[in-house]
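To keep things clear, I will list the structure first and then write my remarks on it.
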Amino acid sequence: MATATDQLVGFGLVAFSLAFFAYYTVWIVALPFIDSNHGIHKYFLPREYSVTIPVVAGLLLLLFIGTFIAIVMWKNRKPAKKLN
């Protein structure tokens, strides 16, 4: 059974994910249809970052996964048998 802290952390992660998804969706889907001189554009990054940020995040994710796998494999290696 999950404790209250676990539930609070889980709720926070879900809320952050939903807010980020809504922000990114409005930034990518809705913003191109709004005039560029509208005030809402000041709350969003330039469009170039819409590709750069996910690419960098994906590369960092792959780096962390690869590092984790390398550390686990290094710690679980068996010593080589010596030949007589």
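Hydrogens, waters and symmetry mates are skipped; everything else that's a heavy atom, side chains included, is used. Keep in mind it's a predicted model, so treat the numbers as computed, not measured.
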Connected-component partners of V9 among ILVMFWY, side-chain separation under 4.5 Å: L13

Could you identify which residues cluster with M1, counting Ile, Leu, Val, Met, Phe, Trp and Tyr as linked when any side-chain heavy atoms lie under 4.5 Å apart, either directly or through a chain of such contacts? none

May I ask whether V56 and F64 are part of the same hydrophobic cluster, defined by side-chain heavy atoms of I, L, V, M, F, W, Y residues being less than 4.5 angstrom apart, directly or through others? yes

Separation between CZ of F44 and CD1 of I40, rounded to the nearest 0.5 Å: 5.0 Å

Under 3.5 Å, side chain of H41 to main-chain N/O of D35, donor-acceptor pair present? yes

Sequence neighbours excluded, the answer for ring pair (Phe, Tyr, Trp, His ring centres under 6.0 Å) partners of Y49 is none

Quick one: name the residues clustered hydrophobically with I71, using the 4.5 Å side-chain heavy-atom rule over I, L, V, M, F, W, Y, and just say none if it's on its own. none

Could you list the donor-acceptor pairs under 3.5 angstrom formed by side chains in residues 23-32, with sequence neighbours left out?
from, atom 1, to, atom 2, distance (Å)
Y23, OH, Y43, O, 3.2
Y24, OH, S50, O, 2.7
T25, OG1, F21, O, 2.6
W27, NE1, L45, O, 2.9

Can you name the side-chain hydrogen bond (donor to acceptor under 3.5 Å, both in side chains) partners of N37, sequence neighbours left out? none

Is V51 isolated, or which residues cluster with it under the ILVMFWY side-chain rule of less than 4.5 Å, directly or via members? V55, L59

Applying side-chain contact (heavy atoms from CB on, under 4.5 Å) to I69 and not counting sequence neighbours gives I65, M73

Contacts of T5 meeting side-chain hydrogen bond (donor to acceptor under 3.5 Å, both in side chains) (sequence neighbours excluded), chain-then-number -> none

